[in-house]
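Naming convention: chains lettered A, B, ... in sequence-line order (proteins, then strands); numbering from 1 in each chain.
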Amino acid sequence: MTSHVYHPREIEQQAQDYWDEEQSFKMSESSEGEKFYCLSMFPYPSGRLHMGHVRNYTIGDVISRYQRMQGKNVLQPMGWDAFGMPAENAAMKNNVPPARWTRENIDYMRTQLKQLGFAYDWQRELATCDPDYYRWEQWLFIQLYKKDLVYKKTAAVNWCPNDMTVLANEQVIDGCCWRCDTAVERKEIPQWFMKITAYADELLTELDNLPDWPEKVRTMQRNWIGRSKGIEVVFGIEGQDTGLKVFTTRPDTLMGVSYVAVAPEHALATEVARDNADIAAFIKECEHAGTSEASIEALEKRGLDLGLKAIHPISGEQVPVYVANFVLIGYGEGAVMAVPAHDQRDWEFAQKYQIPIRVVITPEGYDGDVDALVSDAAHVDKGVLVNSAEFTGLNFRQAFDAIAAYLEKNDRGRVRVNYRLRDWGVSRQRYWGAPIPMINCPDCGVVPVPEDQLPVVLPEEVVIDGEGSPIKKMPAFYQTTCPECGHDAQRETDTFDTFMESSWYYARYASYDQGESMLDQRADYWLPVDQYVGGIEHAILHLLYARFFHKLMRDAGLITSNEPFSRLLTQGMVLKDGSKMSKSRGNTVDPQELVGKYGADTVRLFTMFAAPPEQSLEWNGNAVEGASRFLKRFWKLVTDNDHLDLLAAWKGPGNVPAVDWQNADADCRKWRHEVHCLLQQSNRDFAKYQFNTVVSAGMKLLNLLYDVASARHSGTVGNTYDALLAEGIDILIRMLAPIVPHICHALWGLGGVGGALLDANWPQADPQALLRDNIEIVVQVNGKLRGKINIAAGAEQQQIEDAALGDDNVQRFIKGRQVRKIIVVPNKLVNIVVS
RNA sequence: GCCGGGGUGGCGGAACUGGUAGACGCGCCGGAUUCAAAAUCCGGUUCUGGCAACAGAGUGCGAGUUCGAUUCUCGCUCCCGGCACCA
């Protein structure tokens, strides 16, 4: 005898044991069926799963299970983004090595993932801190070094002079160190860079070949890459031989330049600062903003006249040179020409420092006072050149070409494409990361570690003291011999940015056990990832770096596809009380407690129901109760009375349902119509991955089946009700299987249905059941709802109009007025326009 | 500051290609059951007026296009994400 009470713990354990024993999710390459690679962004092993993880992984799991029921060969792997700063912080706090802390977290979080019933192929699990993983990243880096795609140069870091350590941007709070509150300094040190700019054009144009990425992500990436065509202009500097290069996209405004400005780190500024205390102090002050662009750009725009004179490349006129805190050293040439009349920021700066504002662009046909154009703000629109010597009268296009030609002829500039995108700095002065496989030899310079000496293994038994990376003080690690000359040499002690590991893990899952190479031919079977799921916060950096890596691996001959992720779903944040759930805010909800109290299916159901995947999800404890209530009702309906027998009779092995629906009574036909409408809607929403309305359809279907069941038990109805109830239950179980797999697995088994639910066919609506004899049509008068009419499905336009005009309430609103127009929207609405 | 996204009842959200605003769920109110409570079941629930039928208002604010706008256009406002060393 079956229990009518839902016991999630028992049935979830049984379902998970079944999947384990059957190795249901262990996948291999197969020529049968289309492959479908579904991937969720792997977690940083911070200790415990949070609701954001649960949401991310439930979405991925629902998609995986759904695609599998569509007959595809679905791979869904999982792993750990195991390197990173939090492990070092935890190490300091708890006096435990980062490696141990990380591995313990992984073990705990793996258990949590298993409890949630995610359909992962665990044999492919990887952790990026494993030398068998990062050795291939080191290997690729060396190949890229040989191809001149990586290089070393100096770049700024945040430096805490008290702790004698480099700080991440996150660790700089209001220009000060987060631990000791000392004012942070900017420090230039040599670092490794990867030439992502060499791929800027492809990264940009290939975005057009990603139609299944959200448009917003593609737009953000386009803007981030920031391709612009402009002119590199050289201003002379009075009394100096070398000129000052600036880049502008508005050469048409060149004759309106009234000053130029350089970044605080620019060589010109540094030089002047040497014997000018004010300038030096200003530059020093700018350093306290740290290195992040947000903090620099949010500053009040300030500057100082360097006392130098720049020589205009066309007029020969002298204009002042400022050092300004809003000029970014990393963009363009680290220097800008300023045209206050036609750029808002320059305009504000000029107002503040009483610099002349010279109008050189006016709207076409403008004959008013030119200065009036810029009295309140800059005039930034393109137009016609004025006061521009020989260029006067030209439009933007003409001026661009003419000025470019003039500058090129006089060797004062050239047309150039500029990118906002900068090369990727991958050096980190931290311990818990993959060692950069390079050796510094006093004689030979930089020498890569020979391939047969890889991996360069990170020592794991270390003490973290907060003053720099322990391997920098560990001769056993850094002392080595030069592979070229054999003399004493030192290893690089910086480690890779952890974005390196997360840029190629998706590919390694395909070749997870390959010990001889980074990837093998299996990667080309599984790649590209068909569906990638992760947080919108990764829209730019991670996704751009992974795209870049994919192209690097392609050009290294490892794979043949051009892009890593065919389709992308960016899930929204999990919020509580309006802000992101986070430890620091203290507003977290522990999914573990919820799973313990309600079971995994309830947590999965709530997560899918509360909001569509792409939107932020507001946490609501009461709504979890609602999800649990639904599952109890679902269990009860299916196990109640003789319902399991009905399901067995309908669906059991060898049974072929043959029902004469045409001769069922009107209520039965109406109900069946609704069942199939709900199924149709659910299928449409499933295909769109809009799971909240799928759940809603499931809830409606359950409510409806309760009505059917009670009509059936009243005893006065025909046996088509038995069939309808069984059909409805069958549909509901299969429809909800991807979302709440445990309860569906259990009910499917109890119903004596042969075969695993995992591989059951997806239910399809019966076209016959979707047809209706009568249709309700809404009647509006002047766009306002005034009545509803019921009319035969194939009614003529005239019949519909007559019926609409004949409605009593409609009559009240058209009486004594003239009907000017009647708009009929087939099967939906009539709008009577009266005057 | 720059780039991107969002704003609908008391709450989460729904509304297919511009066509009934508020599906589904939560909460709340009323009822059944119970000695009582929990659980469960039934009914109601945008606001205002009305016993009701119904009417008026209503999708952040202000304009516009349209027979008709949550949906399209423009301006504003508030909130969220990213800004290259958090992951």
Is B/G9 syn or is it anti, if syn means the base angle is within 90 degrees of 0? syn
Just by protein heavy atoms under 4.0 Å, how would nucleotides 18-32 of chain B read 5' to 3' in B, S and -? -BB--BBSSS-----
Quick test of your reading of the model: are A/Glu618 and A/Arg55 salt-bridged, counting only N-O distances below 4.0 Å? no
Salt-bridge contact A/Lys152-A/Glu492 (side-chain N to carboxylate O under 4.0 Å): yes
Flag the pair A/Tyr598 / A/Phe606 as yes when their ring centroid distance falls below 6.0 Å, and as no otherwise. no
B/G13 P sits how many Å from A/Trp619 CH2, rounded? 14 Å
Output the rounded distance in Å from CD (A/Glu215) to P (B/G6). 12 Å
Is there a donor and acceptor pair closer than 3.5 Å between the side chain of A/Arg820 and the base of B/C67? no
If a stem is a run of at least 3 consecutive Watson-Crick or G-U pairs, both distances under 3.5 Å, which stems include RNA chain B? B:1-7 with B:77-83, B:10-12 with B:24-26, B:27-32 with B:40-45, B:46-49 with B:54-57, B:60-64 with B:72-76
Remember a base hit wins even if backbone is also touched, and classify A/His538 as base, sugar-phosphate or nothing at under 4.0 Å, heavy atoms. base
Between A/Phe691 and A/Phe686, is the gap from one ring center to the other below 6.0 Å? yes
N/O (side chain, A/Gln615) to phosphate O (OP1/OP2, B/A14) under 4.0 Å: yes
Salt bridge or not between A/Glu625 and A/Lys632? Use side-chain N to carboxylate O under 4.0 Å. no
Measure CG/A/Leu541 against P/B/C3 and give the value in whole Å, please. 17 Å
When you check the phosphate oxygens OP1 and OP2 of B/G4, does a side-chain N or O of A/Asn223 lie under 4.0 Å from one of them? yes
Would you indicate, yes or no, if B/G56 has its OP1 or OP2 atom less than 4.0 angstrom from a side-chain nitrogen or oxygen of A/Arg786? yes
Before we go on, tell me: are the rings of A/Tyr545 and A/Trp504 under 6.0 Å apart, centre to centre? no
For the side chain of A/Glu297 and the base of B/C83, is some donor closer than 3.5 Å to an acceptor across the two? no
Sidechain-backbone polar pair: A/Trp635 side chain, A/Val5 backbone, donor-acceptor under 3.5 Å: yes
Length of the line joining A/Tyr44:OH and B/A87:P, which is rounded to integer Å: 7 Å
Presence of A/Gln690 side-chain N/O under 4.0 Å of B/A15 phosphate oxygens OP1/OP2: yes
Per nearest nucleotide of RNA chain B, the residue lying toward the 5' end, A/Lys632 or A/Lys821, is A/Lys632
Using atom P of each nucleotide, how far apart are B/U20 and B/U70 to the nearest Å? 10 Å
Would you kindly give the CG-to-C1' distance between A/Leu543 and B/G81, to the nearest whole Å? 14 Å
For A/Glu614 and B/G4, give me the distance from atom CD to atom P, rounded to whole Å. 17 Å
Under 4.0 Å between a side-chain N/O of A/Arg422 and OP1 or OP2 of B/A84, yes or no? no
Please determine whether any donor N or O and acceptor N or O are separated by less than 3.5 Å between the side chain of A/Gln191 and the base of B/C85. yes
Among A/Lys352, A/Gln344, A/Gln351, A/Arg345, exactly one meets side-chain hydrogen bond (donor to acceptor under 3.5 Å, both in side chains) together with A/Glu348. Which residue is that? A/Gln344
Inspect the contact between A/Arg428 and A/Asp494 and indicate whether a charged nitrogen and a carboxylate oxygen are less than 4.0 angstrom apart. no
